[in-house]
Amino acid sequence: MLKFLLWLILFVLCWPLALLALLVWPLVWLLSLPFRLIGITFEALFAFLRAVLMLPARLLGHKPAA
């Protein structure tokens with residue numbers, strides 16, 4: 001809701017810039033998708049490595065901190 005209100009204020013103050021932002025935003029979103037997928041992949045990889053490295057401690061009865 002806040003983004004919409006900010007866009008309305010921009011539309012009142014400078015309508016060509018607001019329309020340009022409205023048209024360019026989907027392109028920016030599409031260009032950012034590969035970077036998001038890379039981020040998700042690395043996050044999963046680091047979680048897997050952490051689980052593998054902590055496996056001996058978990059088998060010996062260490063309980064992870066909350």
Which residues satisfy the side chain to side chain contact (heavy atoms under 4.5 Å, CB included) test with V52, sequence neighbours excluded? F48
For the residue pair F42 and F46, does the interplanar ring angle fall in the parallel (under 30°), tilted (30 to 60°) or perpendicular (over 60°) class? tilted
With clusters defined by side-chain heavy atoms of hydrophobic residues (ILVMFWY) lying less than 4.5 Å apart, directly or transitively, does [Y] cluster with [X]?
X	Y	answer
F4	V28	no
L19	L8	yes
V24	L30	no

Spacing of [X] atom [atom1] and [Y] atom [atom2] [to the nearest 0.5 Å]:
X	Y	atom1	atom2	answer
L60	L55	CG	CG	9.5 Å
K3	L5	NZ	CG	12.5 Å
C14	I9	SG	CD1	14.0 Å

What do you reckon, is CH2 of W7 surrounded by more than 12 foreign heavy atoms closer than 6.0 Å?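 More than 12 within 6.0 Å, yes.
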Closest non-hydrogen atoms of T41 and L37, given as atom of the first, atom of the second and distance, are OG1-O, 2.8 Å
Quick check: do L10 and L6 have side-chain heavy atoms less than 4.5 Å from each other? no
